[in-house]
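Remarks on the structure that follows.
All heavy atoms count here, side chains included; hydrogens, waters and symmetry mates do not.
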Amino acid sequence: MHRHDTEYMQRALRLAERGLYTTDPNPRVGCVIVKDDRIIAEGWHQRAGEPHAEILALQQAGDQASGSTVYVTLEPCSHHGKTPPCADALVSAGVSRVVAAMQDPNPEVAGSGFERLRKQGIEVDSGLLESAARQINPGFIKRMESGRPFVRIKMATSLDGRTAMASGESQWISGEAARADVQRLRARSSVILTGVDTVIQDDPSLNVRLSAAQLGIEGDVRQPHRVVLDSHLRFPANANMLKLEGKTTVLTTKQGSGDLSCDVVRLDAADGKLDLTSVMNWLAGLQANEVHVEAGATMCGALLHSKLVDEIVVYIAPHIMGSDARGLFNIPGLDNMADRIKLDIRDIRQVGKDLRITAVPVSN
């Protein structure tokens with residue numbers, strides 16, 4: 001590695017983050033082109049079907065790209081998708097060196113982009129700031145490596161671990177700043193997943209209500225696909241989410257559509273309920289990268305117990321709701337201390353008056 005490689009890759013990673021809310025189902029990628037120790041061009045992938053980060057940077061660099069070093073957060077693609085291979089464009093531009101943060105986990109690429117560059121005499125280095133690069137694309141990487149999406153559960157709780165009063169009343173546990181933070185989690189997700197009991201109890205919108213300006217993006221705000229788990233097809237035909245922009249799909253074990261004005265998909269059952277592995281496979285078939293879960297204790301507990309959860313984000317509000325209120329997770333059968341589900345806390349920070357804890361199950 002050369003003296004300023006880390007500095008230029010850090011810039012490429014910051015560029016990649018600009019696509020946080022817009023690139024789905026593609027990965028977020030940034031690119032910086034350097035010549036004579038000076039940045040001459042940069043770009044980031046903005047939307048699926050539009051030019052990749054390397055192409056935008058090469059267009060900006062023009063003839064100056066010849067003999068340059070290219071820093072990119074993900075291996076340049078080598079296959080024809082909606083756009084031509086970036087590896088070929090780098091070869092045609094005459095670049096001398098490519099530094100990538102990580103190999104592309106997509107089996108259609110998976111090192112072949114690097115191989116194509118090396119065969120043309122281009123120096124290739126990979127692995128610089130790979131951990132940071134992986135954090136930008138957890139869903140894309142998870143889907144490519146395991147065949148299922150990255151699942152993030154979001155919950156709001158009181159200091160005594162309660163998510164709703166005994167009556168079901170839950171608005172609002174967390175403060176305004178925390179709720180705005182949740183909007184950003186929704187905006188970066190491919191799918192917002194919930195259960196039919198939450199729909200019946202709360203009639204939620206489950207959409208992104210921040211503007212493009214608030215998200216720092218250009219163009220329209222992308223509304224994630226809303227997916228409702230409804231084993232016995234109890235979804236109310238007048239649900240609020242059906243009146244809003246964005247697609248809603250109900251997954252069920254029953255035949256028929258129940259006269260709903262949205263897609264209804266029948267999946268396999270397990271013990272009379274939707275088989276959660278089948279649900280994840282179906283979501284992967286949608287090219288869903290990040291699945292954002294806002295649901296009740298039963299569904300969240302089932303996902304966690306089935307080891308299908310990759311991350312938990314909990315907003316803890318500074319109040320007490322009492323012993324009759326509802327808990328975070330409903331997971332029967334954890335009778336002994338040895339049965340505990342262990343978590344690794346990755347981040348704790350204050351958001352408004354609330355605390356936000358980000359944790360991952362250790363077993364995953």
Side-chain angles (χ1 to χ4, degrees), residues 24-25 27 105-108 110 134 137-155 185-186 188-199 206 224-235 247-258 260 262-314 328-334 339-344 359-364:
D24 196 77
N106 185 346
E108 293 185 328
R134 293 181 71 90
N137 288 301
F140 178 79
I141 293 169
K142 184 78 177 185
R143 180 164 62 88
M144 290 299 158
E145 291 182 344
S146 72
R148 72 170 181 84
F150 182 95
V151 177
R152 176 186 294 112
I153 289 180
K154 166 265 165 183
M155 307 194 95
L185 289 179
R186 289 182 181 181
R188 65 177 289 166
S189 302
S190 311
V191 165
I192 299 177
L193 186 68
T194 193
V196 69
D197 287 336
T198 297
V199 177
L206 295 183
H225 188 160
R226 293 179 290 267
V227 176
V228 181
L229 303 192
D230 182 9
S231 297
H232 304 296
L233 205 54
R234 297 182 293 128
F235 189 90
K247 187 173 184 178
T248 299
T249 298
V250 174
L251 302 184
T252 186
T253 64
K254 299 294 184 182
Q255 298 284 2
S257 65
L260 297 177
C262 65
D263 289 345
V264 177
V265 177
R266 184 179 180 275
L267 295 180
D268 293 337
D271 298 324
K273 298 180 180 179
L274 278 162
D275 179 74
L276 292 177
T277 300
S278 295
V279 170
M280 292 301 151
N281 292 337
W282 184 85
L283 291 170
L286 290 181
Q287 293 186 299
N289 290 332
E290 296 181 32
V291 173
H292 174 89
V293 180
E294 294 192 30
T298 299
M299 179 173 151
C300 289
L303 287 167
L304 189 59
H305 185 67
S306 300
K307 299 184 178 180
L308 294 172
V309 177
D310 298 289
E311 184 176 86
I312 301 168
V313 178
V314 181
L328 277 169
F329 295 96
N330 181 11
I331 308 178
L334 302 184
D339 300 325
R340 293 173 295 176
I341 297 174
K342 298 178 177 63
L343 303 176
D344 181 10
V360 300
V362 172
S363 59
N364 286 15

[X] side chain near [Y] side chain, heavy-atom distance below 4.5 Å:
{"X": "Leu185", "Y": "Val313", "answer": "yes"}
{"X": "Lys254", "Y": "Asp230", "answer": "no"}
{"X": "Val191", "Y": "Pro224", "answer": "no"}
{"X": "Asp310", "Y": "Lys142", "answer": "yes"}
{"X": "Arg143", "Y": "Arg148", "answer": "no"}
{"X": "Pro361", "Y": "Lys307", "answer": "no"}
{"X": "Val264", "Y": "Thr249", "answer": "no"}
{"X": "Trp282", "Y": "Val227", "answer": "yes"}

For the residue pair [X] and [Y], what are the closest heavy atoms and their distance?
{"X": "Val250", "Y": "Cys262", "answer": "CG2-SG, 3.8 Å"}
{"X": "Thr252", "Y": "His232", "answer": "OG1-N, 4.1 Å"}
{"X": "Pro149", "Y": "Ala288", "answer": "CB-O, 3.2 Å"}
{"X": "Val309", "Y": "Ile312", "answer": "CG1-CG1, 3.9 Å"}
{"X": "Gly139", "Y": "Phe150", "answer": "CA-CB, 3.5 Å"}
{"X": "Phe235", "Y": "Leu260", "answer": "O-CD2, 3.6 Å"}

[X] side, atom [atom1]; [Y] side, atom [atom2] - distance, nearest 0.5 Å:
{"X": "Leu283", "Y": "Leu276", "atom1": "CG", "atom2": "CG", "answer": "10.5 Å"}
{"X": "Asp197", "Y": "Thr298", "atom1": "CG", "atom2": "OG1", "answer": "7.0 Å"}
{"X": "Asp24", "Y": "Ser190", "atom1": "CG", "atom2": "OG", "answer": "3.0 Å"}
{"X": "Ser146", "Y": "Met280", "atom1": "OG", "atom2": "CE", "answer": "10.5 Å"}
{"X": "Met299", "Y": "Leu274", "atom1": "CE", "atom2": "CG", "answer": "9.5 Å"}
{"X": "Lys273", "Y": "Leu229", "atom1": "NZ", "atom2": "CG", "answer": "11.5 Å"}

Does [X] have any salt bridge (charged side-chain N to carboxylate O under 4.0 Å, His left out) partners at least two apart in sequence or in another chain, and if so, which?
{"X": "Asp275", "result": "none"}
{"X": "Lys247", "result": "Asp263"}
{"X": "Asp344", "result": "Arg346"}
{"X": "Glu294", "result": "Lys154, Arg186"}

message: With salt bridge (charged side-chain N to carboxylate O under 4.0 Å, His left out) as the rule and sequence neighbours excluded, what pairs involving residues 276-292 come up?
response: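 Salt bridge (charged side-chain N to carboxylate O under 4.0 Å, His left out) check on residues 276-292 returns Arg28-Glu290, Arg152-Glu290, Arg188-Glu290.
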
Should Leu267 and Thr253 be marked as a side-chain contact (heavy atoms from CB on, under 4.5 Å) after you check the CA-CA gap, both sets of side-chain angles, and the distance that decides it? CA-CA 5 Å; Leu267 295 180; Thr253 64; over 6 Å; no

Let me see the working for Thr194 and Ile192 under side-chain contact (heavy atoms from CB on, under 4.5 Å), right down to the final yes or no. CA-CA 7 Å; Thr194 193; Ile192 299 177; 5.7 Å; no

Requested in this report: Check step by step if side-chain contact (heavy atoms from CB on, under 4.5 Å) holds for Val228 and Leu251.
Outcome: CA-CA 6 Å; Val228 181; Leu251 302 184; over 6 Å; no

Hits for side chain to side chain donor-acceptor pair (under 3.5 Å) against His305, two or more places apart or cross-chain, chain-then-number order -> none

